[in-house]
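These notes concern the structure reproduced below.
Just follow the structure's listing: the first ligand is 1, and inside any ligand the first atom is 1. What you see below is based on every heavy atom in this structure, not just the backbone, and it leaves out hydrogens, waters and symmetry mates.
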Amino acid sequence: MNKNAATFIAKSTIKAADLEHRRKINYNISKYNAAVPNGKKQFANIESTRELAKNIKWEAVEHLDKYLLEFEKKISERGVKVFWAENDKQTLEIIGKICTEKNCKTVVKSKSMVTEEIHLNPYLEKLGIESVETDLGEYIQQLDNEPPYHIVTPAMHKSKEDVARVFTEHLGVPNGLTPEELTQVARNTLREKFANAEVGITGANFILADIGAVAVTENEGNARLSCSMPKTHIVIAGIEKVLPSVHDLHLFWPLLSTFGTGQKVTVYNTIITGAKLENEVDGPAEMYVILLDNGRTNLLVNPTVREALNCIKCGACLNVCPVYKNIGGHSYGTTYSGPIGKVITPYMKGMEDYKHLSYASSLCGACTEVCPVHINIHELLIDNRREAVLEGYSTIAERVAWKAWKKASLSRKLMNSGNAKLKNWVVNKMVKGWSKQRGDIQFSKKTFNEMWQDFRTDL
Ligand code: SF4
């Protein structure tokens, strides 16, 4: 077993037995579950909306080359510099170079999973640059020195008492402050950072090809401040974020809000088309966009798993997943957790190191059922398992066991031979892992042929 798989199993085992963790998660997810039906009411026909969204994303991903070039051309015409980065290293170098040129001491950052993916904060720290998370959930996680727990709700595993403790420990405020008071503390601290930061970094919820723009959606206004107050704005966007047209937003903004948080529409929705123009008073003097691959093209070249690039990162599949709800977001050891994380990570970071994630699923299909863009998540998990075997990443023991199983199950003679006691002993010795968390395998006392014979006699 590789190191990542062993760590995953160890962490999951501990978390699954942590009842306090389960209580907090169930409480926070129950609030989400209560809100979503309200959000859905805005759609006359939610099923056809999802189908339409899937088709638009399909069009965008199938013609990614065309739409990305169109985006680059349009936004470059307004003076925005666009970079294409193959991996995290290239992205960090580009950001490092820009920050050094600007003599940057402080970066304000809005919530962005792609910056987690490239480990931006530790990199900036090494350059002596303070990188401040400005989304409240991310800020709490940064103070507590933890990565985001969930792709939409970074501090979902924390209660309000946990947050108060974090603020007391790291900001020295009195313990037991109310959520409103804690928010005020964060607001006062962050305002100062916004005012002094030289560079603002945001992700992109969508990049719009036809008008050459970046669409950012958020609830706190911090992304809007991050991209408008500092003199330099850098956007990092995964290449799959593209939508063909600005007109697609009327569908994707409410869809993302409803499936992400249960809102009809998120509080702040911003379309950024470039830096400040001559006659404008607000906005950055310069804007850069980095289009990041980092393994996404490994998904793109595979016609089966390509549909995973349709994901709009709403987090709904995490919220319904029985595995996620038990083991939590940190056990995965990956930036993207939950069902969609299990599908994409082996392609983005290596099948050999992350194939184990595809097996951490009950295959109940709840993720597929809830996905707003109809990604066949649970079937892709099965496909990942197949892909891992085809790439030669199954163990010898696994191969021998399946060969023996195939031989036995294709032979009526072998199926009928031996008594149940002997078969139980052999099989339970062979597949010890199976019975670690379950009862032993028990063969029926009678073979199928014997039962069929009895059935015919009874007729
Ligand atoms: S796979 Fe579907 S449900 Fe999961 S985060 Fe992506 S869009 Fe949302």
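What sits closest to atom 4 (Fe) of ligand 1 on the protein, heavy atoms only, is C317 SG, 2.3 Å. When only non-hydrogen protein atoms are considered, atom 8 (Fe) of ligand 1 lies nearest to C314 SG, 2.3 Å. The nearest heavy-atom contact from the protein to atom 5 (S) of ligand 1 is G315 N, 3.2 Å. Protein heavy atom at the shortest distance from atom 2 (Fe) of ligand 1 is C371 SG, 2.4 Å.
Of the options K41, Q42, K40, a side chain to side chain donor-acceptor pair (under 3.5 Å) to T258 is made by Q42 and by none of the others.
Rounding to the nearest 0.5 angstrom, the gap separating the CZ atom in R224 from the OG atom in S110 is 12.5 Å.
Ligand 1 lies out of reach of V370, whose nearest heavy atom is not under 4.0 Å from it.
Using a 4.0 Å cut-off to heavy atoms of I340, the atoms of ligand 1 that qualify are 1 (S). In summary, the atoms of ligand 1 found under 4.0 Å from a heavy atom of I377, numbered by their order in the structure, are 1 (S).
Side-chain polar atoms of N294 and E117 form a donor-acceptor pair below 3.5 angstrom.
Below 30°, between 30° and 60°, or above 60°: for H356 and F8 the angle between ring planes is between 30° and 60°, a tilted geometry.
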**OP:** Walk me through it: do K158 and E146 pass the test salt bridge (charged side-chain N to carboxylate O under 4.0 Å, His left out)?
**Re:** CA-CA 11 Å; K158 286 188 165 75; E146 273 193 333; 2.8 Å; yes

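Residue I312 touches ligand 1 through backbone and side chain together, judged by heavy-atom distances below 4.0 Å.
K313 has a carboxylate O that lies under 4.0 Å from a charged side-chain N of E240, or vice versa, which qualifies the two as a salt bridge.
Taking backbone and side chain together, C311 holds no N, O or S atom under 2.8 Å from atom 2 (Fe) of ligand 1.
Aromatic ring centres of H150 and H157: separated by at least 6.0 Å.
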